[in-house]
Trainee: 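The structure is given below, and queries will be raised subsequently.
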Amino acid sequence: MDQQHDWKHIAGQLRCPSGANATETGKRMNEGNERMNHAAIDFLSWHDNDHVLEIGPGNGAFVPLMLSKAADIRYHGVDHSPEMIAEATALNEETVASGTTHFRQGGSDNLPFPDHTFDKIITVNTIYFWENPLSHLAEIKRTLKPGGLLCLALRSKSFMEAIPFTVYGFNMYAAEDIKNLLADAGFHIKKNTYHQEESMSITGESIPKDFLIFVAAV
């Protein structure tokens, strides 16, 4: 496999882990984005009985952390990858069996939920793959309760542009781009933050990274 093909393959796996590489891709994403996911989850204000949706949960490794944030949290996860849905279901077997946790295959541009279902919606590293981000944000807005919160986390455009595989289907955003996009979609930004870290890349190298987190209300 030549290097160009290899980068294209990595990009495709990050968009939707599949086939023999799906499990390994899920593990690498968890390793490389652990601090980012923890920071995004911690940045939200959690309350008892929150009904939360995660868009792009991967193998569901961070679900227990969300469930621990308050009492009687109900969780749904929607992911494009059937392999990730299967792994997330197995990894969270007990809370799936109890009815606290649910996973289903799908995309955030066509969410299979009624209007005003969720108190919180969280998504980490998925916005790069939204071909029409306003349509995704419209669905998120539709399914949030009045006063509900969206937590959106991503790597900065300046960081992402330096990674070889992002030329294959990644849409990249600076902080100002996200602020404008959320405003155009009818969201009001409550708070946002920027972090720098040393973390693992998808290829297994330790590299300096950054990430942005926005919490916005409808």
Side-chain angles (χ1 to χ4, degrees), residues 1 6-42 44 46 50-69 73-113 117-118 120-130 136 139-140 143 151-155 163 165-166 168-170 199-206 209 211 213:
M1 183 181 292
D6 194 39
W7 293 136
K8 192 172 184 179
H9 174 74
I10 289 172
Q13 284 294 308
L14 293 175
R15 175 183 285 270
C16 183
S18 61
N21 298 118
T23 297
E24 182 62 25
T25 298
K27 289 179 181 177
R28 287 286 182 89
M29 288 193 295
N30 291 343
E31 291 169 359
N33 299 310
E34 181 175 11
R35 292 179 191 171
M36 186 180 185
N37 276 277
H38 279 243
I41 293 165
D42 290 343
L44 276 168
W46 295 85
D50 271 346
H51 196 178
V52 59
L53 169 66
E54 183 177 15
I55 296 166
N59 63 13
F62 302 105
V63 173
L65 177 60
M66 282 183 260
L67 296 180
S68 75
K69 288 296 180 180
I73 290 176
R74 292 168 294 154
Y75 171 96
H76 278 80
V78 171
D79 201 288
H80 277 300
S81 168
E83 286 89 343
M84 289 296 97
I85 293 298
E87 292 203 13
T89 300
L91 187 63
N92 296 278
E93 182 180 7
E94 288 187 13
T95 54
V96 169
S98 72
T100 301
T101 301
H102 304 267
F103 297 97
R104 64 172 73 184
Q105 187 180 2
S108 52
D109 56 346
N110 186 23
L111 292 170
F113 304 104
T117 298
F118 300 105
K120 294 176 173 65
I121 295 179
I122 185 168
T123 187
V124 177
N125 282 338
T126 64
I127 192 172
Y128 321 118
F129 309 117
W130 297 356
H136 291 257
E139 275 291 271
I140 289 169
T143 54
C151 181
L152 176 65
L154 70 158
R155 305 285 181 189
I163 302 175
F165 57 73
T166 59
Y168 299 103
F170 282 70
S199 183
M200 196 74 70
S201 74
I202 193 68
T203 56
E205 306 164 283
S206 181
K209 293 181 177 181
F211 58 85
I213 307 174

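Keep in mind that what you see is a predicted model, and the values were worked out from it rather than measured.
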Trainee: Would you say that Phe103 contacts Asp79 through its side chain, given a criterion of any heavy-atom pair below 4.5 Å between the two side chains?
Mentor: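 When only atoms from C-beta onward are counted, Asp79 and Phe103 do not touch, as no gap falls below 4.5 Å.
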Trainee: Nearest 0.5 Å, please: how far is CG in Leu154 from CG in Asn33?
Mentor: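 CG of Leu154 is found 11.0 Å from CG of Asn33.
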Trainee: Nearest 0.5 Å, what's the CD1-CD distance between Ile85 and Gln105?
Mentor: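 Ile85 CD1 to Gln105 CD: 7.0 Å, rounded to 0.5 Å.
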Trainee: Side-chain contact, heavy-atom cut-off 4.5 Å: Trp46 with Ile41?
Mentor: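 Counting from C-beta outward, Trp46 and Ile41 do come under 4.5 Å.
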Trainee: Where the side chain of Lys209 meets the backbone of Gly32, is there a donor-acceptor pair that is under 3.5 Å apart?
Mentor: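 Yes, because the side chain of Lys209 sits within donor-acceptor range (under 3.5 Å) of the backbone of Gly32.
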Trainee: Return the minimal non-hydrogen interatomic distance between Asn59 and Asn92, and the atom names on each side.
Mentor: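 Heavy atoms of Asn59 and Asn92 come nearest at O-ND2, 4.3 Å.
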Trainee: Between Thr100 and Thr95, do the side chains contain a donor N or O and an acceptor N or O under 3.5 Å apart?
Mentor: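 The answer is no; no qualifying pair exists.
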Trainee: Side chains of Ser108 and Val78: does their closest heavy-atom pair fall under 4.5 Å?
Mentor: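 With C-beta onward as the side chain, the pair stays apart.
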Trainee: If the condition is ring-ring contact (aromatic ring centres under 6.0 Å, His included), which residues does His136 pass it with, not counting sequence neighbours?
Mentor: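 ring-ring contact (aromatic ring centres under 6.0 Å, His included) check on His136 returns Trp130.
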Trainee: Which atom pair, heavy atoms only, marks the closest approach of Val96 to Thr89?
Mentor: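 For Val96 versus Thr89, the nearest heavy atoms are CG2-O, 4.0 Å.
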Trainee: May I have all residue pairs that pass salt bridge (charged side-chain N to carboxylate O under 4.0 Å, His left out) and include part of residues 50-68, sequence neighbours excluded?
Mentor: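 Every pair satisfying salt bridge (charged side-chain N to carboxylate O under 4.0 Å, His left out) with a residue in residues 50-68: Asp50-Lys120.
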Trainee: For the atom pair CG (Leu111) and CZ (Arg104), what is the distance rounded to the nearest 0.5 Å?
Mentor: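 Separation between the atoms: 9.5 Å.
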Trainee: Rounded to the nearest 0.5 Å, how far apart are CZ of Phe170 and CG of Asn125?
Mentor: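 Reported value, rounded in 0.5 Å steps: 8.5 Å.
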Trainee: Could you tell me which non-hydrogen atom of Cys151 sits nearest to which non-hydrogen atom of Ala40, and how far apart they are?
Mentor: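 Closest approach of Cys151 to Ala40, heavy atoms only: SG-O, 3.6 Å.
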Trainee: Can you see which heavy atom on Gly58 is nearest to which on Ala88, and at what distance?
Mentor: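 Reported closest heavy-atom pair: O-CB, 3.7 Å.
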Trainee: What do you reckon, is NZ of Lys69 surrounded by more than 12 foreign heavy atoms closer than 6.0 Å?
Mentor: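 Above 12, so yes.
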Trainee: Closest approach of Ile163 and Thr166, non-hydrogen atoms and distance?
Mentor: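 In this case the closest contact between Ile163 and Thr166 is O-OG1, 2.8 Å.
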Trainee: Nearest 0.5 Å please: distance from the CD1 atom of Ile73 over to the CG atom of Leu67.
Mentor: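 Atom-to-atom, Ile73:CD1 and Leu67:CG are 6.5 Å apart.
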Trainee: Angle between ring planes, His76 versus His51, binned at 30° and 60°: parallel, tilted or perpendicular?
Mentor: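 Tilted: the ring planes of His76 and His51 meet at 30° to 60°.
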Trainee: Give the C-alpha distance, both sets of side-chain angles, the deciding distance and a yes or no for side-chain contact (heavy atoms from CB on, under 4.5 Å) between His38 and Leu65.
Mentor: CA-CA 8 Å; His38 279 243; Leu65 177 60; 3.5 Å; yes
Trainee: Got a donor-acceptor contact below 3.5 angstrom from the Glu83 side chain to the Gly19 backbone?
Mentor: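 Looks like yes, one N/O pair under 3.5 Å.
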Trainee: Check whether any side-chain heavy atom of Ile55 sits under 4.5 Å from a side-chain heavy atom of Ile140, and report yes or no.
Mentor: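 A side-chain contact under 4.5 Å exists here.
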Trainee: Where do Phe129 and Gly169 come nearest, in terms of heavy atoms and distance?
Mentor: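 Heavy atoms only, the tightest pair is CD2-O, 4.0 Å.
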Trainee: Can you tell me how far apart NE2 (His102) and CZ (Arg74) are? Round to the nearest 0.5 Å.
Mentor: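 Atom-to-atom, His102:NE2 and Arg74:CZ are 8.5 Å apart.
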